[in-house]
Amino acid sequence: MAPVTASPLGGHSLLVLLAQVALLLAAALLLGRVAERFQLPAVSGELTAGVLLGPTVLGRLAPGLQGWFGTSQASQVHLLDAVGQFGVLLLVGTTALEIDLALVRRTGRTSLVVGAFGLVVPLGLGIAAGFVAPAALVPAGHGRGLFAFFIGVALCVSALPVIAKILSDMRLLHRDIAQLTLAVGVVDDVAGWMLLSVASAMAAGGLAFGSVAGPLVRLLLITVCAVFLGRPAVRWLLARARTPGAVAGTATVVIVGCAAATQSLGMEASFGALVGGLLIGAAGPDARRGLTPLRSVALSVLAPLYFAEAGLRMNLFALGTPQILLAALGALAVATVSKFAGALLGARVAGLDRHAALVLGAGMNARGVIQIIVAGIGLQLGVLNTASYTIVLLIALATSLMAPPLLRRAVRHIAPTPTEQARLQRAEDLTVVP
């Protein structure tokens, strides 16, 4: 069979793509810095950049300019989406480097119990909310059951990077309750990605028994291969990367290669990127040397660009009807109450007091980065439409904004122990420049 000769990218298409990337990134970085000046998560400003340049603002004020900007042309949208998809894979992979599975082992039963309740309660209530949601939020082509399951997954995830950043900014990482919150976040993060991958596979095969059992079997296969084959292979590859550039390049190959592997199995590519990041993180600190440039590009360039692109797809006018607006407020209430209820039940079962439960609930309630990615995948799969996508993104933004004040209020009731004070002193001593 003769190879297909594709036409090169046209000059105008390239111009529009470059203009899109430059303008989106500049706006995201600027508004991200503004958000941080007001002690808000940078992602809130980055999302706002996309909203300003999308149909909500620019599309209303200058529809012709937005049309030239490419958002009305499918081929141009696909080009920008390809850049965003590559960026989100590296973002997920490099974020997974910070997931400390040893922390979960140290906190043992408590983190697993609280994490399990923090997943199951929002998942169940989210599925129930999906079944009673207005029909206008359910896209044609997929059944109500799949939509409800995806909403449950979207509401049960927590954003470990956002939680860690908030705790760091509040100088709470030395506290035992903060370490437990991170451990619970790890449980939620990994389990949430697994559920998302199963939901994505179900979107292709429906809700038949085979369509549900197949992804679970493949998930087990991926886990076994990662532990027994992937971990030694990645350790061997990184040990032979002699320069920082070689390490960054090897890590990129691992992350994207794992993403391609899970995508080929009908699972979500982002889950493969998570597995790749976990494998790199498990290789040890020596093997991870030289990854700072890759992480800097992923977190400082690709992530803001992706979140701005996510905001570009939002249309706040889709929430204009009272029915949809009430559904959005109801979904936010379900998301928040279910996380606090899950943390409270889990903490009680694990033997913690109500103040610790409130801290865990406040931390786990931050969805942020992960829910934005989940929403994008749902829109891409056709499980969400513009209105339901916008609602999920608003929940991600609102819960991330709630987290800092709720954490400050909740942690006041837990007095620091002598061990925690000594830990803080050691950390401060290490930061002193002689």
Side-chain angles (χ1 to χ4, degrees), residues 43 85-105 111 115 119 153 157-165 167-168 181-197 200 219 222-227 229-235 237-238 241 247-263 267-303 306-307 364 366-374 376-377:
V43 67
Q85 289 301 316
F86 180 74
V88 79
L89 293 179
L90 289 184
L91 171 63
V92 172
T94 53
T95 299
L97 295 171
E98 304 301 319
I99 294 179
D100 188 359
L101 297 178
L103 179 61
V104 179
R105 289 194 292 270
S111 60
L119 273 170
V153 173
V157 297
S158 294
L160 183 62
V162 175
I163 297 170
K165 180 69 165 56
L167 291 173
S168 176
T181 303
L182 289 177
V184 173
V186 170
V187 174
D188 273 16
D189 220 20
V190 175
W193 281 113
M194 290 180 175
L195 287 171
L196 174 62
S197 200
S200 301
L219 189 61
I222 291 168
T223 303
V224 171
C225 289
V227 172
L229 299 177
R231 188 162 54 178
V234 170
R235 193 186 302 271
L237 287 171
L238 290 175
V247 174
T250 302
T252 302
V253 170
V254 170
I255 293 169
V256 177
C258 289
T262 55
Q263 183 74 26
M267 310 294 283
E268 180 53 45
S270 297
F271 176 66
L274 177 80
V275 172
L278 289 173
L279 292 176
I280 297 168
D286 293 336
R288 296 197 305 267
R289 68 189 186 283
L291 285 177
T292 301
L294 178 61
R295 293 179 59 202
S296 296
V297 171
L299 298 176
S300 302
V301 178
L302 297 177
Y306 176 79
F307 296 138
M364 293 165 60
R367 270 51 169 223
V369 177
I370 308 303
Q371 196 171 54
I372 293 169
I373 296 173
V374 171
I377 292 170

How about I377 and S200: do any of their side-chain heavy atoms sit closer than 4.5 Å?
yes
Side-chain contact, heavy-atom cut-off 4.5 Å: W193 with I373?
yes
What closest approach, in Å, do [X] and [Y] show between heavy atoms, and which atom pair accounts for it?
X	Y	result
A283	L238	CB-CD1, 4.0 Å
I370	S158	CG1-O, 3.5 Å
L97	I280	CD2-CG2, 3.4 Å
A251	L294	CB-CD2, 3.9 Å
G272	C258	O-CB, 3.1 Å
F86	V256	CE1-CG2, 3.9 Å

Testing L278, V254, L229 one by one against V234 for a side chain to side chain contact (heavy atoms under 4.5 Å, CB included), which residue passes?
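For V234, the side chain to side chain contact (heavy atoms under 4.5 Å, CB included) test succeeds with only one of L278, V254, L229, which is V254.
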In Å, rounded to the nearest 0.5 Å, how long is the span from [atom1] of [X] to [atom2] of [Y]?
X	Y	atom1	atom2	value
F307	L302	CZ	CG	10.5 Å
L196	Q371	CG	CD	11.5 Å
I255	L89	CD1	CG	9.0 Å

In chain order, what residues pass the side-chain contact (heavy atoms from CB on, under 4.5 Å) check against A226, with sequence neighbours excluded?
V275, L279
Under the rule for side-chain contact (heavy atoms from CB on, under 4.5 Å), what residues qualify as partners of A261, not counting sequence neighbours?
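Expected list: none.
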Check: T262 side chain, A259 main-chain N or O, donor-acceptor pair, under 3.5 Å:
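Yes, T262 side chain to A259 backbone: donor-acceptor pair under 3.5 Å.
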